[in-house]
Amino acid sequence: MNFIDYFYKLFQSFKKNSYERKVKKIAAKCGNDLKVNYPSYVSENTFLGDNVNFNGMKIQGKGKVTIGNNFHSGIDCMIITDIHNYDNGEAIPYDETIISKDVVIEDNVWLANKVMILPGVKIKEGAIIQGGSVVVNDIEKYAIAGGHPAKVFKYRNIEHYERLKKEKKFH
């Protein structure tokens, strides 16, 4: 390995470690084996399980975000927990009131690149969300969903999923 490659690799490692430290410092709870490969931002109401992998996650708002074990995000994903009061407010297009809704992501969920999750959504165990999707409603267990708004279009092979889970084969 030449001198430049060595220092490039060292710099990349330093950046990755600084991303992980920042998430651990801000999150309310962080499980074991956190991996943060690109700049990611969480709120102080973020609760992370074990083996969480971020590749550029942004979590914003005052609502609680719970992410289970073995979670993987693609590049540039976002979770939003706050919305403006547009229906019953005292001004148009919205007033000063902020409405916070919790987001729950269960175990073994994978978000592909550029997925956005809106306030109040629950994504159940084993779900996969297709790249570029906007999740506005709950997603069922084992579902594969995509689009805007995200809709379930397929399910995982449940027997295969359960066998791998039983054998503890997590990425």
Side-chain angles (χ1 to χ4, degrees), residues 12-87 89 93-152 156 170-171:
Q12 293 301 100
S13 177
F14 172 78
K15 284 194 326 186
K16 184 178 177 220
N17 288 336
S18 70
Y19 304 150
E20 289 175 9
R21 281 193 306 272
K22 185 175 182 180
V23 168
K24 286 178 181 179
K25 181 179 178 182
I26 295 170
K29 178 188 173 282
C30 187
N32 297 317
D33 300 320
L34 173 69
K35 293 171 195 74
V36 184
N37 297 310
Y38 294 95
S40 296
Y41 308 94
V42 298
S43 73
E44 61 278 353
N45 292 323
T46 302
F47 296 78
L48 304 174
D50 295 332
N51 192 32
V52 168
N53 294 266
F54 288 154
N55 288 299
M57 172 63 74
K58 292 178 179 73
I59 298 174
Q60 69 179 61
K62 296 188 185 323
K64 181 178 178 182
V65 174
T66 304
I67 297 176
N69 299 327
N70 311 308
F71 170 84
H72 283 254
S73 77
I75 298 167
D76 292 332
C77 292
M78 179 178 265
I79 299 171
I80 302 169
T81 65
D82 292 349
I83 57 174
H84 293 287
N85 186 16
Y86 59 86
D87 255 350
Y94 53 84
D95 69 11
E96 299 295 320
T97 307
I98 301 294
I99 301 166
S100 298
K101 295 182 177 184
D102 298 343
V103 171
V104 175
I105 299 174
E106 294 183 351
D107 293 346
N108 311 317
V109 169
W110 171 24
L111 306 181
N113 293 348
K114 298 185 181 283
V115 169
M116 182 182 290
I117 299 171
L118 297 184
V121 167
K122 182 174 188 175
I123 300 176
K124 295 187 180 173
E125 180 186 346
I128 298 171
I129 310 299
Q130 184 180 45
S133 299
V134 179
V135 184
V136 300
N137 294 308
D138 293 353
I139 302 296
E140 302 167 35
K141 192 173 184 178
Y142 312 121
I144 302 172
H148 176 60
K151 302 272 188 213
V152 175
R156 284 179 176 246
F170 305 111
H171 175 65

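Side-chain contact, Asn70 with Asn108: a donor N or O sits under 3.5 Å from an acceptor N or O. No side-chain donor from either of Ser43 and Asn45 sits under 3.5 Å from a side-chain acceptor of the other. Using modelled atom types, one finds a donor on one side chain and an acceptor on the other under 3.5 Å when comparing Lys35 with Asn51.
The shortest heavy-atom contact between Glu140 and Ala127 is O-CB, 3.9 Å. Nearest heavy atoms, Leu118 versus Val103: O-CG2, 3.8 Å. In plain terms, the two heavy atoms of Ile98 and His84 that are nearest each other are CD1-ND1, 3.6 Å. The nearest pair of heavy atoms linking Ser133 to Ala145 is OG-O, 4.2 Å. The two residues Ser40 and Gly56 make their nearest non-hydrogen contact at OG-N, 3.3 Å. Taking every heavy atom of both residues into account, Asn69 and Asp107 meet most closely at N-OD1, 2.7 Å.
Within the 4.5 Å cutoff, the side chain of Lys101 has no heavy atoms near those of the Val121 side chain. Counting heavy atoms from C-beta on, the side chains of Cys30 and Leu48 come closer than 4.5 Å.
Classification of the Phe54-Phe71 ring pair by plane angle, with boundaries at 30° and 60°, yields perpendicular.
Checking each of Val42, Leu111, Val115 against Met57 for a side chain to side chain contact (heavy atoms under 4.5 Å, CB included) leaves exactly one that passes, namely Leu111.
When the shell of 6.0 Å around CZ of Phe170 is examined, it contains more than 12 heavy atoms from other residues, nucleotides or ligands. Residue Lys62 places its NZ atom among 12 or fewer non-hydrogen atoms of other residues, nucleotides or ligands, all under 6.0 Å distant. Around NZ of Lys58, the count of heavy atoms belonging to other residues, nucleotides or ligands within 6.0 Å exceeds 12.
The main-chain N or O of Lys122 is found under 3.5 Å from a side-chain atom of Asp138 such that the two form a donor-acceptor pair. Panel note: side chain Glu106, backbone Lys124; no donor-acceptor pair is recorded below 3.5 Å.
Applying the side-chain hydrogen bond (donor to acceptor under 3.5 Å, both in side chains) rule to pairs touching residues 141-150 yields Tyr142-Glu162, sequence neighbours excluded. For residues 76-87, the set of pairs meeting the salt bridge (Lys or Arg N to Asp or Glu O under 4.0 Å) definition, not counting sequence neighbours, comprises Asp76-Lys114.
With sequence neighbours excluded, no residue forms a side chain to side chain donor-acceptor pair (under 3.5 Å) with Gln130.
Judged by a 6.0 Å distance limit and a 45° cone about the ring axis, Lys64 is positioned over the six-membered ring of Phe47.
Rounding to the nearest 0.5 Å gives a distance of 4.5 Å between CD1 of Ile123 and CD1 of Ile129. With values rounded to the nearest 0.5 angstrom, Ile79 atom CD1 is found 9.5 Å from Thr81 atom OG1.
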